[in-house]
Amino acid sequence: MNSTIAQLKICLAQALVATFGDDYANVDPILVPASNPKFGDYQANVAMSLTKKVGKPPRAIAEQLVQNLDVSDLCHPPTIAGPGFINLTLKPEYLQAELQAMQFDPRLGVAPVESPQRVIVDYPSPNIAKEMHVGHLRSAIIGDCIARILAFVGHDVQRISHVGDWGTPFGMLIAHLRLSYPEALTSTENLDLGDLSTFYRQAKQRFDADAEFREAARLSVVQLQAGDVETLRAWKIVCELSSRSYRATYDLMGILSFIERGESFYNPFLPEVVAELQQLGLLVEDSGAQCVFLEGFTNKDGKPLPLIVKKTDGGYNYATTDLAAIRYRVQVDRVQRVIYPVGSEQINHFIQIFQVGRRAGWITDEMEFVHTPFGLILGDDGQKLKTRSGDAVPLKELLDGAIAHARQDLEKRLQEEGRQESADFIDHVAQVVGISAVKYADLSQNRTSNYIFSYGKMLALQGNTAPYMIYAYVRVQGISRKGQIDFENLGADAKIVLQEETELVLAKHLLQLGEVLDLVTQDLLPNRLCQYLFELSQKFNQFYDRCPVLQAEEPDRTSRLMLCDLTARTLKLGLSLLGIPVLERM
RNA sequence: GGGCAUGUAGCUCAGUGGAUAGAGCAUCAGGUUCCGGUCCUGAGGGUCGGGGGUUCGAAUCCCUCCAUGCUCGCCA
């Protein structure tokens with residue numbers, strides 16, 4: 001089944017050819033959703049764009065086009081308005097048929113893509129030598145969401161976490177492990193996972209205060225890079241501890257599992273990468289470092305800016321590792337698209353490594369490497385979110401705070417309504433609502449801008465928030481409980497009849513999920529999906545306000561039950577693509 | 001100084017060439033309290049940072065200026 005917009009485009013293309021000839025077969029009909037419901041559902045703006053080419057006033061062009069335009073299966077007769085807009089309004093019969101087909105489709109009318117791509121989403125890729133904090137939140141949430149959506153529409157998606165598991169910061173941790181937990185080197189049982197953040201802090205504190213310790217840390221880095229067996233074992237212990245601790249937080253957040261392929265994985269390839277750049281004539285030695293000079297970048301003195309791939313001391317840095325990853329993904333993984341959800345402060349870094357990857361011939365025109373930058377999380381004061389002491393807020397603390405706020409809201413409500421619920425119910429609802437609110441608040445804004453983190457706003461029961469949408473879902477389940485409705489078995493003769501305005505508006509919106517997902521797979525902006533789901537909830541609430549369901553006479557009753565069910569299923573699917581579960585009661 | 005972002009209603013933000021620029025919150029005024037009102041309807045509120053340009057048409061594209069943020073050779 002083609003989406004409505006695709007079908008209409010075909011009709012318009014045919015009309016263009018019939019009216020103006022074969023030269024017009026590939027003219028974009030500029031078909032977009034109507035800017036205002038009073039103009040209908042879709043509008044084609046092609047007439048205005050053709051005035052010069054055709055040499056007639058746009059209104060005349062529109063009239064000619066409409067004469068050759070056959071959309072009678074989908075729409076009422078097209079109308080022309082203003083300077084030459086062609087307005088299209090979908091017929092109820094068409095909507096009813098489409099919705100009925102949707103009723104029996106687990107994909108809710110969203111067809112899988114025709115040519116699936118192999119895609120890598122590179123996330124959440126934290127540096128595990130540091131405690132997990134706010135800075136790790138967005139990549140996890142956004143990356144997980146993008147991966148879920150691409151997989152759902154049919155792409156072959158690999159989630160790969162390019163964890164920072166190598167380099168200077170590990171010297172500090174290894175040295176601390178050796179001095180404070182020597183027994184850990186023989187058995188991992190002794191080191192409690194809960195101590196991980198304390199462990200990090202102690203190491204850092206010691207590093208800042210103790211010159212002797214700094215020297216031990218530096219030495220550990222040298223030993224690590226030299227492949228010293230005992231040092232490698234210590235390194236591995238630290239990595240495993242981090243990995244397990246990180247996983248616990250990701251589980252709490254509902255982040256799906258991913259492959260950990262960190263910086264250390266690429267160590268064996270780094271010399272080849274540099275050698276290949278050398279062979280290609282891209283490498284220049286400057287002040288003892290091996291560099292690729294970048295096109296379009298200058299330093300403060302106006303001289304060309306280098307990307308250093310081998311340091312004066314012979315070591316490699318993160319640019320080298322990222323280049324090795326690009327090369328590996330092209331040559332071994334054979335990807336067509338790689339997506340990096342990473343903060344916008346690294347925008348230059350990605351432009352630079354992509355440029356070098358392209359000049360080295362690894363990245364070709366047949367593939368797409370794309371950085372999807374995101375902005376900062378700010379506090380109430382509009383400044384970067386920090387604890388009172390000025391440190392980054394630990395992620396666990398942030399999430400627990402959201403759950404605690406959700407619990408308070410819930411308990412207050414239960415008391416006001418005189419409801420009794422079990423401790424398990426309260427725990428579960430508080431966790432789902434709290435975590436969902438954090439994720440939704442993040443995803444519902446344009447990725448590229450900063451946003452202010454506020455428990456009050458994200459947990460608000462009204463407005464564009466997770467609780468509002470989950471509540472819309474709960475309302476439908478309420479109907480099902482009250483009326484003892486089994487949505488799976490409404491009967492073979494169940495039909496949708498659209499009469500009320502709110503029913504038509506809701507029906508049209510339900511059919512647009514595919515169009516929205518199509519947009520999101522292109523521009524990778526999850527807030528478009530959030531916007532869609534929010535509008536769906538609003539339109540459902542308007543319908544719910546206006547149209548009784550259980551008390552309605554047949555055939556309206558069954559028809560409305562079907563609309564309720566389709567809304568709930570669309571919300572559930574849409575939210576799941578954001579990484580957010582639903583609740584039956586809240 | 002260079003590069004890149006961002007600047008839209010009191011606040012938080014949608015809107016990357018189409019008609020009278022939208023939503024949520026807040027404010028004010030109504031409705032409903034019946035399938036869970038955690039709802040619905042309406043009102044007020046905008047020189048889309050300023051200026052210039054391209055276009056039949058610009059918040060959107062180009063130039064310029066202003067403000068804020070990030071970033072600019074061996075950290076990631």
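Predicted model only: the values in this text are computed from it and were never measured. Chain identifiers are assigned alphabetically (A, B, ...) following the order of the sequence lines, protein sequences preceding nucleic acid strands; residue numbering begins at 1 within each chain.
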Please state whether the phosphate of [N], meaning OP1 or OP2, lies under 4.0 angstrom from any side-chain nitrogen or oxygen of [X].
X: A:N446; N: B:G15; value: yes
X: A:Q551; N: B:C34; value: no
X: A:Q346; N: B:U71; value: no
X: A:Y468; N: B:G37; value: no
X: A:R528; N: B:U16; value: yes
X: A:T298; N: B:G2; value: no
X: A:K482; N: B:C35; value: yes
X: A:Y544; N: B:C34; value: no
X: A:K311; N: B:C75; value: yes
X: A:Q477; N: B:C35; value: no
X: A:N527; N: B:G15; value: yes
X: A:R413; N: B:G36; value: no
X: A:S449; N: B:A14; value: yes

To the nearest Å, give me how far apart [atom1] ([X]) and [atom2] ([N]) are.
X: A:K52; N: B:G17; atom1: NZ; atom2: C1'; value: 14 Å
X: A:H349; N: B:G73; atom1: NE2; atom2: P; value: 14 Å
X: A:I80; N: B:A19; atom1: CD1; atom2: P; value: 18 Å
X: A:F374; N: B:C4; atom1: CZ; atom2: P; value: 21 Å
X: A:M586; N: B:G37; atom1: CE; atom2: C1'; value: 14 Å
X: A:F170; N: B:A76; atom1: CZ; atom2: P; value: 11 Å
X: A:I479; N: B:G37; atom1: CD1; atom2: P; value: 10 Å
X: A:Y42; N: B:G18; atom1: OH; atom2: P; value: 16 Å

Look at all strands and tell whether [X] reaches a base, only sugar-phosphate, or nothing, counting heavy atoms closer than 4.0 Å.
X: A:V476; value: nothing
X: A:K303; value: nothing
X: A:C547; value: base
X: A:R546; value: nothing
X: A:N45; value: base
X: A:R419; value: base
X: A:N348; value: base
X: A:N87; value: base

Now, which nucleotide makes the Watson-Crick or G-U wobble pair with [N], with each of the two distances under 3.5 Å?
N: B:A29; result: B:U41
N: B:U60; result: none
N: B:U68; result: B:A5
N: B:C74; result: none
N: B:U20; result: none
N: B:C35; result: none

Notebook entry, point to check: Between A:L305 and A:E584, which is nearer to the 5' end of RNA chain B once each is assigned its nearest nucleotide?
Noted result: A:E584

Next item on the list: Please tell me which of A:Q542 and A:E263 maps to the more 5' nucleotide of RNA chain B, matching each residue to the nucleotide holding its nearest heavy atom.
Entry: A:Q542

Margin query: Hydrogens and angles aside, do A:N348 and A:Q346 bring a side-chain donor and acceptor to less than 3.5 Å of each other?
Written below: no

Checklist line | Pair A:Q531, A:E535: side-chain N/O donor-acceptor within cut-off below 3.5 Å | finding: yes

Next item on the list: Measure the acute angle between the ring planes of A:Y532 and A:H509, then classify it against the limits of 30° and 60° as parallel, tilted or perpendicular.
Entry: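 Plane angle under 30°, so parallel.
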
Next item on the list: Fit a plane to each ring of A:F354 and A:F350, take the angle between them on a 0 to 90° scale, and name the class: parallel (under 30°), tilted (30 to 60°) or perpendicular (over 60°).
Entry: tilted

Notebook entry, point to check: Would one find more than 12 heavy atoms of other residues, nucleotides or ligands at under 6.0 Å from atom CZ of A:R481?
Noted result: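 It does: A:R481 CZ has more than 12 such atoms within range.
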
Check: Would you say the side chain of A:T312 and the base of B:C74 hold a donor-acceptor pair, judged only by whether the two atoms sit under 3.5 Å apart?
Finding: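 When only heavy-atom distances are counted, A:T312 does reach the base of B:C74 through a donor-acceptor pair under 3.5 Å.
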
Notebook entry, point to check: Would you say the base of B:U71 and the side-chain of A:K300 have a donor-acceptor pair closer than 3.5 Å?
Noted result: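 For A:K300, whose side chain was compared with the base of B:U71, there is no donor-acceptor pair (under 3.5 Å).
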
Note to self: Please classify B:G37 as syn or anti, treating any glycosidic angle within 90° of 0 as syn.
What the structure shows: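 Syn, angle within 90° of zero.
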
Next item on the list: Can you spot which of A:Y123, A:Y266, A:Y340 makes a ring pair (Phe, Tyr, Trp, His ring centres under 6.0 Å) with A:H162?
Entry: A:Y266

Item checked: Validation row: A:L173, A:Y200 side chains within 4.5 angstrom (heavy atoms) ->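 Yes, their side chains come closer than 4.5 Å.
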
Check: Among B:C4, B:U16, B:G24, which is the nearest nucleotide to the side chain of A:F534?
Finding: B:G24

Next item on the list: Name all residues meeting the side-chain contact (heavy atoms from CB on, under 4.5 Å) criterion together with A:R447; count only those two or more places apart in sequence or in a different chain, and write none if there are none.
Entry: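 side-chain contact (heavy atoms from CB on, under 4.5 Å) check on A:R447 returns A:I142, A:T372, A:P373, A:F374, A:L524, A:L525.
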
Notebook entry, point to check: Roughly how far, to the nearest 0.5 Å, is the CD atom of A:E263 from the OH atom of A:Y316?
Noted result: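 CD of A:E263 is found 14.5 Å from OH of A:Y316.
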
Checklist line | Gap in Å between the two P atoms, one belonging to B:C63 and one to B:C4, rounded | finding: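 That atom pair is separated by 10 Å.
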
Notebook entry, point to check: Distance between the P atoms of B:G3 and B:U16, in whole angstroms?
Noted result: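 Looking at atom P only, B:G3 and B:U16 are 26 Å apart.
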
